[in-house]
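Everything below concerns the one structure shown next.
Ligands are counted one by one from 1 in listed order, and the atoms in each one are counted from 1 as well. Source: prediction; values computed, not measured. Throughout, numbering of the chain's residues begins at 1 and tracks the sequence.
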Amino acid sequence: MKLWGGRFSKNTDKTVDDFNSSISFDSRMYRQDIRGSLAHAKMLGKCGVIPEEEAALICKTLSEILADIEKGRVEFEIDAEDIHMNIEKILISRIGDTGKKLHTGRSRNDQVALDLRMYLKDEIKEIKSLLAALETALLDIAEKNLTVILPGYTHLQRAQPVTLAHHMMAYFQMFGRDMERLDDCYKRTDVMPLGSGALAGTTYPLDRQAVADELGFSAITANSLDAVSDRDFAIELLSCLSIVMMHLSRFCEELVLWSSLEFGFVEMDDAYSTGSSIMPQKKNPDVAELVRGKTGRVYGSLVTLLTVMKSLPLAYNKDMQEDKEAVFDAVDTVKMCLPVFTRMLLTMKVKKENMYRAAQGGFTNATDIADYLVKKGVPFRSSHEIIGRLVLFCIQNGKSIEELGLQELKSFSPLIEEDIYEAISLERCVSERKLPGGPAVESVMEAIRKGRIFLSRT
Ligand code: ARG
């Protein structure tokens with residue numbers, strides 16, 4: 001018999017049992033469900049809603065059920081629908097009528113909201129620590145590559161020289177924002193919904209704050225209708241995770257490009273690459289590609305939940321059971337991607353010479369030559385045009401700017417002197433960009449120093 005069977009004169013159809021059941025995916029919240037029930041039962045006893053001895057027996061039995069589940073001694077039933085009723089049913093099977101008192105002043109609607117919030121609070125913390133590990137790796141790689149010059153790109157065309165350290169620190173900023181976004185999302189997840197009942201609160205004199213304190217929540221929800229029908233926190237988390245994956249996918253895209261023969265900037269360690277079953281020579285950056293590919297499923301989960309919640313009238317609707325698989329899949333995916341990506345990055349070989357050679361081509365110092373003339377009094381727009389002509393001349397003659405003799409250079413502007421060669425070296429192009437946020441060694445070192453402080457505070 002169903003826990004809610006009283007009003008029914010027939011059993012549910014077998015297909016409906018299967019269709020309706022969420023136990024196959026919500027069983028992973030068993031720990032949160034039991035912790036929530038423990039806090040609820042304890043409070044019921046303290047507030048005199050049920051006798052204290054009975055509350056104690058419920059708590060003792062729930063703890064035993066938890067231990068049994070962890071030992072793999074419990075089989076959940078599809079008929080019992082979800083994790084909430086499965087555990088309640090086991091409780092009742094062990095202590096009879098006393099077990100039937102647990103659900104006093106509670107509904108599965110506020111219960112599932114509680115469980116999901118507790119579950120996601122833990123996941124947010126874990127994902128944040130995985131992001132922190134990635135951030136630490138980026139700082140370490142940056143520190144080792146402060147003077148490694150490579151071309152920076154716009155439109156995927158060589159633009160101006162930067163350093164590998166500066167490039168890594170760009171990603172440090174992105175994942176740092178992701179960590180802050182998760183902190184923000186955590187705040188809104190960290191609100192305790194029990195006491196909202198099915199939708200309209202409850203008549204029992206429950207101590208909601210005591211339950212929140214017991215479970216480590218910072219606040220209690222402010223409106224019972226909202227509390228049972230709010231999944232904003234899950235949507236926010238999926239948005240945060242989508243942005244994490246978007247960042248990872250951009251990084252992966254670069255690493256795939258960089259490990260091609262065409263770029264040859266990096267080589268993935270053998271332990272983080274795979275081969276081809278037909279082409280003996282192949283070494284593929286599958287890890288980076290797969291992380292890039294998995295971005296789609298996380299975006300998919302976000303769209304799933306936004307769509308599930310769209311147009312739902314207040315308060316709880318069964319549609320909302322569709323939240324869990326999407327959220328769990330996204331959380332699992334991000335938790336799988338981050339550590340493998342971090343290790344791939346840490347073991348990757350940097351091919352400095354190729355990076356430098358690439359920076360030497362493509363006139364990446366053209367802006368600096370224009371700036372050279374500006375420093376000699378030429379207005380920037382005029383200087384831009386002069387150097388544009390100089391670049392065109394070089395392209396037509398198959399030469400780089402440094403290869404031209406002083407007399408040739410002077411034919412473009414008499415202001416050009418011998419000191420031009422030093423002024424436009426790649427090293428100078430980088431070292432002159434020493435404003436905060438720039439690629440010069442001292443600017444990047446400052447960014448790394450601030451980065452370490454940021455990490456120590458999160
Ligand atoms: N399994 C349900 C869910 O995941 C729990 C809440 C069910 N509430 C209800 N009134 N049917 O959303």
What does the contact table look like for ligand 1 (nitrogen or oxygen on each side, cut-off under 3.5 Å)?
{"residue": "ligand 1", "atom": "1 (N)", "partner": "S22", "partner atom": "OG", "Å": "3.2"}
{"residue": "ligand 1", "atom": "1 (N)", "partner": "D82", "partner atom": "OD2", "Å": "2.9"}
{"residue": "ligand 1", "atom": "1 (N)", "partner": "Q321", "partner atom": "OE1", "Å": "2.8"}
{"residue": "ligand 1", "atom": "4 (O)", "partner": "K324", "partner atom": "NZ", "Å": "2.6"}
{"residue": "ligand 1", "atom": "8 (N)", "partner": "N109", "partner atom": "OD1", "Å": "2.9"}
{"residue": "ligand 1", "atom": "10 (N)", "partner": "N109", "partner atom": "OD1", "Å": "3.1"}
{"residue": "ligand 1", "atom": "11 (N)", "partner": "R108", "partner atom": "NH2", "Å": "3.4"}
{"residue": "ligand 1", "atom": "12 (O)", "partner": "Y316", "partner atom": "OH", "Å": "2.5"}

Side-chain polar contacts of residues 346-353 - donor-acceptor pairs under 3.5 angstrom, sequence neighbours left out - could you list them?
{"residue": "T347", "atom": "OG1", "partner": "R343", "partner atom": "O", "Å": "2.9"}
{"residue": "T347", "atom": "OG1", "partner": "M344", "partner atom": "O", "Å": "3.1"}

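- In summary, the aromatic rings of F251 and F341 are positioned with their centroids under 6.0 Å apart.
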Donor-acceptor pairs under 3.5 Å, side chain of residues 196-203 to any protein atom, not counting sequence neighbours: which ones?
{"residue": "S196", "atom": "OG", "partner": "P193", "partner atom": "O", "Å": "2.7"}
{"residue": "T202", "atom": "OG1", "partner": "Y204", "partner atom": "N", "Å": "3.3"}

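- Taking D319 as the reference, V308, L312, N317 meet the side-chain contact (heavy atoms from CB on, under 4.5 Å) condition, with sequence neighbours excluded.
- Using a 4.0 Å cut-off between charged side-chain N and carboxylate O, D183 and K128 make a salt bridge.
- Between Y119 and F328, the ring centre distance stays below 6.0 Å.
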